[in-house]
Structures are given as C-alpha cells and as structure tokens.
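Proteins come first, then strands; the chains are lettered A, B, ... in the order of their sequence lines, and each starts at number 1. Quick note: numbers below take in every heavy atom, side chains included, and nothing from hydrogens, waters or symmetry partners.
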Amino acid sequence: MFRSLINTELHSAMATGQASTKPPDANEYGGDEISALVLDPGYSTTRAGFAGEDVPKSIVPSYYGLIPSESTPKHAKKLFGDNSINIPLPRISISNVMSKEGTVEDWDTAANLWEYTITSRLTNTKPTPLASNGLNDPNEDIAMEGVEEQEKPLGENPLLMTETGWNAGKDREKGIEVAMENWGCPAFWLARNGVLAAFASGKPTALVVDMGASTISVTPVHDGLILKKAVTRSPLAGNFVSNQLRLLFASSQPPIPITPHYLITSKTAVDAGAAAQATYRTFATGTEPHPSFRHFQEERVLTEFKESVVNVWTGPGRLGGHSPQGGTNMDVAKQHPGKPFEMPDGWNQMFPAIDRYRAIEGIFDHKMALSDANNPPPSPGQTITALISSSLSQVDVDLRPHLLGNIVITGASSWYAGFTDRLQQELQAAHPGVRVRMVASGQMVERKFGSWIGGSILASLGTFHQLWISKKEYEEHGPGIVEKRCK
Amino acid sequence: MMGSDARDVLGLPSAGPPKPATPKVQKPKVRGPTGMSREVLDLKYEGAPPISIVAPKFKEKPKLPFKPRPWEETPFGNSARKDGLILRHWRRKGDVSNAAALPVTPADSNAASEMEQDEKAATTLSDSHWAKFNVKVDKPQYTDEQYETHLKNDDWSKEETDYLIDLATDFDLRWIVITDRYEYQPNQQPKENEDSMAVTLQAKPRTQEDMKARYYDVAAKSMVLHNPLSSMSSSEFDAHEKMTKYDPNQERKRKMYAEQLMNRTDEEKYEEEMLLKELSRIVLNQEKLFNERKALYDRLGTPPGAPQTHSTAMYQSSQGLTQLMQNLLTQNKNKELEKKEKRRSAMGAEGDFPGGPSGMDRGQRHSIGGGLDKRFSFGQGGPRQLSAREEQKYGVSHPNERLTGGVQFRHERITKAGQAKSGVQTSRIGAALTELKIPQRLTMPTAKVVTEYEKLIESIKTLLEVRKLSEKLDGEIKVWQAQKEQQEAKDRGEEVKEEEPSQTVENEEEDEDTKEIDEQAERRRKAEAEDDDEAEDDDEDEDEDDQNAEGKEEEKEDSDEEVSAKGSNKDEEEDAEVDENFAGDQDDDDEEEEEEEGEDDEDEEMPDEAEAEAEVDADNNDDNADANEEVEDDGASSPASAAPTTRGEGLRKRSASVISHVSNKSSKRQRR
Ligand SMILES: Nc1ncnc2c1ncn2[C@@H]1O[C@H](COP(=O)(O)OP(=O)(O)O)[C@@H](O)[C@H]1O
Ligand SMILES: [Mg+2]
C-alpha cells in the first residue's frame, strides 16, 4: 500500500523483480497526472484545485449567506463565494457548513458549496473534449449520451477529498456518496489532512500540528497513516485568538469597538487614539443584516489584525513567567515596541507589545487566557504543548523521538511571528533528551494550504492510480468501501 | 505631454524658445575605460539611470525541422486494479514506448467501448507502469485443522488470531499502526454453546508486544507447516529464526528503559554524565587513588579505636568509611568543643555565642545549597517547577501539618530505627531481622525503602512488646495465684513463708529482670489511673518526640512526677500508641527529605538541632538512666498494691488493645 507507493518506490521495484529486469527510468519517480481534483474543506475556507498544481485555484469561504424568502420560509436563498456573502443584503444571515469540530455539519449545503467551489473556477473553464462535445458527431444518439454525461459536473475528474483525523463513521461515507452520485466522479479517495500536510513537507512520518480556524489538532503520522488513537485536538485555534482579541478590546480603557467595513460609508483620518470620524451606514428597519453577518465581518477585521499586529512571545520562558534577569516577563514585554493598527472607521492606535503577545499566549499557557461568561477559560490540557505531550504519550516509545524530530507546522493560524520558535522552545524544554525539530514552511501559501498541497502531490502520483476507489467498486460495495480502503 | 516632447519623439527641430542644454547632452563625453558596459559606467558617473527603449516584438516562431507531435488525452488501465478503472492522462500521440499491453477483460467492455471510439484499433490498452510497485506481504496461511493441532493458544481465540493476521497483512506489518487500529470485539464471534457465552466477552487489552508475539508464533509455525525447516532457503530460515526468537518481555523492558531515557531531565542527564565520567576516572586511577588515600590516612593519624595496622583494607567498605568518618567527626567535635570552651572563657560575659557545631553545620549547608542552586539554575529563571516524578525522586512532600525537627540523614534513620532503648531489645530486633533475612544495613536505602524498613521495625518492636507483655502477664498470674494460695492458706490458718513475687517470674536476661519488676509496679499504678489519664496521654504522645529528650533529662531530677515516670516507660507507651507515633514519624520523614533538598535553614531549626544532640547524649546515657529509673520506680511501686480486680481489668484491656493493634498491623503488612 502506501509504503510501497510513497516511500520506497525504488526499494519495492527491486524487490518485486518481476517487471524490473532493466532499471526503472527517471519518470518513474515523478507524477502521472490524470486531471484529478483535490478538495480540502476547512472551517474558514474550502480549497479546491487540480492535482499537480502548487496552489489551489479556487478558495471559497466555508461560510454561506442565507436570505430568507418571505413567501416560502423553507426556500431561503443560499449565497456562496466571497463576492456575494460580503454584501449586506437585506436580512442576510451567515452560517457555516462545517461544525466547530472541523467535520461537515450540513451535508446538503456543503455539497452545494463544494460544487460551487469546483465549478465556478475549475471545471467550467475547462473546455469539453472535442471528441465528445457533440459538434463533430454525426450520430445523434452518441450526442445524447454525451449530454447525459455532461449533466454530472465532475464526470471526468477523479476527486481526492480531505478529512480531519477524527472524522468517523457516516461522515466518511457521505463524501463518496456526494462525489459518486451527485457529481459522477469516475474515482474517489478520502485522505486525512494530517497525512497530506506531512506529505506536503516531504515527510511520511511526522507529528502534524495543524492550527486552523476552529480547531488545533495534533496528528501523529507513521508511514503515511495516522495513528488514530493518538490524535488530539482542542478549540484554541484561530477563532479562539479572535475571541481573545474581542475580550482584549472590550477590557481596554476605553473599550475599542470593532466596526466592520460594511458599516462605513465615509471616514476621515484621525490622530492616534482620537475618536473615529466616520459616517455610518444605516439600514431601514426590517432590512438589517442578521447579527451573524456582523460577526462574520468582524472576523475579517480581526483576521487582518491578527495578520499584522499579533505576535507570539518568544521567551525565554513564558509571558507569565520570570525573566532570567529577574523581574517578570510581563515587565520585559512592556519594553518591546508596539504596532499601529487602523480600524475600518479610521480609529487607530499604537498597540503595545504586551497586548500583541497577550492575545495568543493563551494557546501556550492556559493561565494567560482571557475569559468571560461566553468564553470559558481553557483547561491546562487544551494548550498546544499539552496536546502534543498527550499525543506523544499515546504512541509507541520507539516512534516518539522520530516524531519530535519531524514536527510539521501547518494551518494559517500558525503564521504568527514567533510561533514556531516558541513551540520549539517549549517542546525542547519538555523533552530535553530528544532533539526537537520543526518543519515549518517559510512560505505563506504552503502553510495556509498545506493539506491541499499534500493532496495535490498524492493525487498526481503515478503510483496512486491503483489506490483510487473506482465508480465500479463503489457500485459493487456501497459507500462502506471508504472505511475499508481509505485507512 | 508637452509639445516639445512630441517634437523630440518625432525628431523635428524644436520650435519656440531654445531650451537650455540638458546635462544628458554632455553625458556621453565622459568616457571611461573601454570594455566596460554602459550600465556599469553609469553607476560610476552618476546620472540618469539607463533606460533601454526596446520596441515590443513577439518572439519569432522557431522554424522546426520536424512536424510537432500533438498531445492527446489517452485512456489507460492498471493491471494492479481488479476493477478495470480507466483513467486518462496526456501523452504524446503515438508514444507507446513504456506502455505495456493490457488485455481488455470482458468486465471492462462497457468502459472500453467508449474508449474504442478514441482509439481505432482498441484491443489493447496501455498498462500503467506503476502497477509493478504493488507489493504485498505474505500472509501466514493455515487451515482450521492446522490451527487446532499446532497453533492453539489459551489466550487467543481463533477469531482473534484471524483478525490479527488480517490486520497485520492489511497494514504490511507496520506494528505501530496495527496497535493503533486494533479494535477486536469478541462478541462478534459466532456463539456455539449459548449458555456458556451468555456473558458478552470483554476484549482483552493487547499490547504491541502481545500482538507481535502471537503473530510471529503463528507465522513461524505456519512457515514450518508449509515448508519443513530442512528444506527452507537461508533467507526463509533467517526469518523463521528471528520470529521464534522474539521475546515480548525483553521488548517490554527495553521500551520501559527507552521511555525512562527519553524522560530524563537536563539535570539527570548532567548527573549521569558526571557519574559516568567519575566512574571512568575512578576505574582509571584506582591504584593511584588507593595509594593517595592511604597516604592521607597516615597523615591524619590513625583515628583512635582503630586497630593499629597500616592496611587500608578496613576503610574500603562503606561501613569502614562511615566508621572512619564518625571517628574523625568526634575528634573534630571534641577539638571544636575545646576551642569553644577556650573562647567562651576568653570572651567571658560578652554575650551569647552561637552554638558551635550547629553553627558550623549551617554554614556548610548553605554552601552546599549554593552549589546546588548554581547547578540547577541553568536555562530557567525563578524557582523550578518539579514534575510529579521528580518530586517523588527527590522526596519532596507537601504535608499539611507543621513539621518539627531538623535535618536527618537516611542512614541515621535506619540506625535509629534498629535501636531500641535497651541493648537486649536491640539484639532481639537484630535477631528478628536476621530471621526475616533482612540485612541490618540496607543495601539500597531509598526514601521508600527506609520508610518501609521503619514500618517493619515498628512492627517487630510491637511484636516483641506483646511477647514481653504476655510473658509478664503469665508471671503476674502466677504471682497472684501464689498470693491467692497464700491468702487461702492464711485463711486456713496456715503459716506460710513470705515470698518475693518476682522470683516466680521467669527471666532469661539479668538486666531485664529488675526492670520488669518496675514495669509491673508501674503498670499496676497506671491501670488505676488509666481512665483519668487517657486524654492526657494522647496529648503527650503527640508531643512525645519533642519531649523525649527533655523528659529524659527531667526524669533524673523530679522522679515523683508522673510525666517523668511515663518517660521512663516510654518504649511501652510508644508501642501502645503506635498509630499516632507512626503518623508523627512519617511527618518527620517528610520533613527530613525536604531538608535534604537543600532548603534554606531557618532559625527555628536551631533549637531542634540542639534537641537532637541532646537526644544523642541521652541515648548514650541510656544505661545510666535506666539504672536511675529502677531506683526511682521502686519507690513509686509501693503505693500501688491495692484492688487486684481493677488491676487485672486494666491489664487485660491494655493487652487486648495492644494485641488487636498488632493484628491490625500484621494484616496491613500482609496486604502490602
Ligand atoms: N496571516 C495570518 N496570521 C494569523 N492568523 C491567520 C492568518 N491568516 C489567516 N489566519 C487565521 O487562520 C484561520 C484559518 O486557518 P486555516 O488553516 O485556513 O483554517 P481551516 O483549515 O480550518 O479553514 C482563521 O482563523 C484566520 O483568522
Ligand atoms: Mg485546516
């Protein structure tokens, strides 16, 4: 299986002997593309693209807009894609097809969203093959057959889909049902996103730390297979940091309001700390967007803030600890420079370093997390270091040093300055006897789309051809085949 | 754009007022050395950056000497697949260099029919050249019969064995993954005899070693079944050898060690390194070291008490070394005391001088603590957080009660535990220990072992006490019987000679003899007072450790007081209330260990240390004190000769409580 495919191609080629009297030629190590598609649904975005490419061409928010219709409340209009869900249409509300657990919550809408993701950017732009587009065919019957084929959006593309390490049972089978029944894929495969992220870093064995939007997960991968029982996760990911920022803004004196872009009609520049001078948009009663819309728009502002201002404290020690020179690290952090940020309404301020560190410190040190009634304080077991230790403690002792030497960092939320250094420090302190090494790409896209890229590599490998679950196999065995094949 | 620019572009002569000459015009006059490109020159002589104006022009179409071969989307099959899936990839038209022929099976016919239109003569389909990488592990094969005769195992049902073997082949013997995915549910198996299977079987927890052991066992045996050892090829034989040699216990042990090795802290690593270095150094310099040591002993002068030989053999055991150290210490202390005396007399009334030896100790410990601090403080600021494992290792405890007492070493605790108040008792404890085959000097006195050892000694003491008590009771019964007989005789008017009660008591030891009489008397007196005193007793027992020494000293002076009388019979009381003492002891232990941690000394400890010393003194004087007690107790015994019934009751009560306590203890020990 995987081992012979991914790791030791050369080895097995020599071992089998049957077909290899002559040495394998160079392109046996490369890919063999079959126009497969790779679909990687996450909580914040859903990524799709052709296997063999290095970034997904289609990135669509996993959030969708709902516009309730007055006449038939059941038939609410669903809006997909950045271009439509960011417009404050009357009474628009925003939901997510994924659950906070990182698994699919609303399968019908998810199927719609994914189809939109694929067809809006990928397959529609691809011309139908000349031979079967009906124009060159004198025979009418064949043309009709062709039309039938065309009704299914992915009739020609094998599809590789990703899932989380803890996805189980019916949720796994739903994917193949949608791909085969709705889209008519000739072949399908379901891969764990941890494994794919490891492949993207060129590691068949690794400990994958994925900092997504809703969950942070630690997945031990051995020879291209996840160790299911040792997968750990907690909600201290991107959305947690956003909520920390909300708490931080609310607790500052005076409180800092987050006004999303759609509420601003015009603004004038103001000095740092001065009150915003902007005219705000108002909505006629009955046409206001749902609060979920505002929350979603605030999230975009906060993501911007996270990208430009938030930093990870890189020690020595923890932010809540003592510095080796005496005194607390908090005092040391006060000496560090701040960073300016301007809200959409023009309000701006220099954010002191202590706040910049504080917003994310809770991920490493539960005691430093801010909390209120709606945001309960995290437990000590939820911090990233605790997740890693508990995951490690559940794998074989012989594997642990190897995993610690190959810690793959992926997910957009790991892109904070200092994140990797800090994690390295914490882990090295916790495991002094082992060499801890991080494998973290310095490229934003590789970090953001780690699991998609891994899928792209896998689905374009020549050796992967024999793994696909074909339509025929699906028809023979039913959706249960996923459990048997995609281990 | 200005008009002049347009003119410029068009190359027309300028109209209007003449423009001042631009510096650009003068530029070309500056000539550098030839052979330098214009761009480089421009960097040297500053001026406007060079702008190359290149007219946009498409690249010329290459004139190829051959006709381009078009690419086409070619369908292909894969012989490694059984379902005849046809995928398409882009290939050069007519490129069949690495396409092996794949016959179309009837199952593929409908899939192939579509393809037939693409390729004119489509009887063959190119095979993916990746197919050959599909390798599988050989699955051990066995029939039901073979299983029954050769592979049966009480721990593994056939179903579970099958499951294991399937899983192992599925995951190509990647044991880490197999262990992770192992989810055998025994209730899936077909139920043959319903009544015995009424209870759903619980899945046995299987470790990786269990699985490996079973798999290798089955695989090796089935290998032999299919191919007897004699006809195996060498590689097969090797595999068979490896599988039969697998030892799960050794693997388990190895993993345990590996885990311990991984969990080492920096300090432990450092310590280990140092120890290894030290060891190699010692091994290297052993000879030299012995010589040096001998020279040192000679220089120091053989300590008094040691035989006047010049051999160092007696110091090479740890026992010998301790003795030497003790000797040297007492020498030192004596000198110190002398000095102190001298100084005190010199200083006269100038004020209190802090205690000599204890003061010195304090200084020393400070320096040790400082050294430790330095060593343990690298990398981390502030106090270090110890993990639970480290706390256990260093013996750190977090007791809730206030602790008493100063620093104590474990070896002191051991010797103290083994010592009873009287020499006879001590030797009896020793005898009991030898009977239990426990050395008097523990080979590995870790904190845990010492605590257990102390518990054991406590129990032995209690047992001895009970034995003594029962002997005493026997004696007493005899005495009273004799008295009763006397009384009866008297009543009958017979004249009977006075008899000393103690003569009826059987005694093996001389010194115990007299003591026991005293105790008897004491008991009688106590039995009367017991009810009243009980509450008071408890209080006193709690403080006993502290009062010990004081009590001892006091008792010499005011023997009439009850406190002192009790102090004299301390060991009995201790036993009767072992529970409390026991708790107290443990607290003490905890504290000792904390002290060993090198925590800062507090002033409070001073008196404790003094006390401890006093106790040592008291111990040394034990025999004398005992002698004193005897005399004193004789006096005390006389008033307590009334009301035999009450006495008897008190005794019975007391012995009963002791016995029940002992039985509790022994059962506890058994459980342990
Ligand atoms: N440059 C950045 N720095 C920090 N956080 C970021 C950055 N870009 C995106 N994020 C956060 O990362 C999360 C999305 O991460 P991603 O790995 O795409 O999640 P998912 O796989 O769950 O969709 C969001 O919470 C977003 O706010
Ligand atoms: Mg993700």
With sequence neighbours excluded, residues passing ring pair (Phe, Tyr, Trp, His ring centres under 6.0 Å) with A/Trp313: A/His336, A/Tyr357
B/Gln208 portion near chain A, given a 4.5 angstrom heavy-atom threshold: side chain
What part of B/Lys269 gets closer than 4.5 Å to chain A, counting heavy atoms only: side chain, backbone, both or neither? side chain
Is [X] in contact with chain B via its backbone, its side chain, both, or neither, using a 4.5 Å heavy-atom distance?
{"X": "A/Ile469", "answer": "backbone"}
{"X": "A/Pro158", "answer": "side chain"}
{"X": "A/His431", "answer": "side chain"}
{"X": "A/Ala230", "answer": "backbone"}

Spacing of [atom1] belonging to [X] relative to [atom2] belonging to [Y], to within rounding of 0.5 Å:
{"X": "B/Asp180", "Y": "A/Asp396", "atom1": "CG", "atom2": "CG", "value": "11.0 Å"}
{"X": "B/Ile178", "Y": "A/Leu225", "atom1": "CD1", "atom2": "CG", "value": "10.5 Å"}
{"X": "B/Leu87", "Y": "A/Asn157", "atom1": "CG", "atom2": "CG", "value": "11.0 Å"}
{"X": "A/Ser460", "Y": "B/His89", "atom1": "OG", "atom2": "NE2", "value": "14.0 Å"}
{"X": "A/Thr205", "Y": "B/Ile176", "atom1": "OG1", "atom2": "CD1", "value": "8.0 Å"}

I need the minimum non-hydrogen distance between A/Lys229 and B/Tyr182, along with the two atoms involved. NZ-O, 3.2 Å
Nearest heavy-atom pair of A/Lys487 and B/Asp170: which atoms, and what distance? NZ-OD2, 2.7 Å
Should B/Glu73 and A/Ser35 be marked as a side-chain contact (heavy atoms from CB on, under 4.5 Å) after you check the CA-CA gap, both sets of side-chain angles, and the distance that decides it? CA-CA 10 Å; B/Glu73 204 172 19; A/Ser35 323; 3.7 Å; yes
Show your reasoning for whether side-chain contact (heavy atoms from CB on, under 4.5 Å) applies to B/Arg254 and A/Val397. CA-CA 10 Å; B/Arg254 184 186 66 76; A/Val397 197; over 6 Å; no
May I ask you to decide if the ring planes of A/His465 and B/Phe76 are parallel, tilted or perpendicular, using 30° and 60° as cut-offs? tilted
Tell me whether the count of non-hydrogen atoms from other residues, nucleotides or ligands lying under 6.0 Å of CD in B/Gln250 goes above 12. no
Atom NZ of A/Lys367 with >12 non-hydrogen neighbours under 6.0 angstrom: no
In plain terms, say whether B/Arg174 and A/Asp223 are close enough for a salt bridge, that is, a side-chain N and a carboxylate O under 4.0 Å apart. yes
Could you tell me whether the side chain of A/Leu404 reaches within less than 4.5 Å of the side chain of B/Met262, counting heavy atoms only? yes
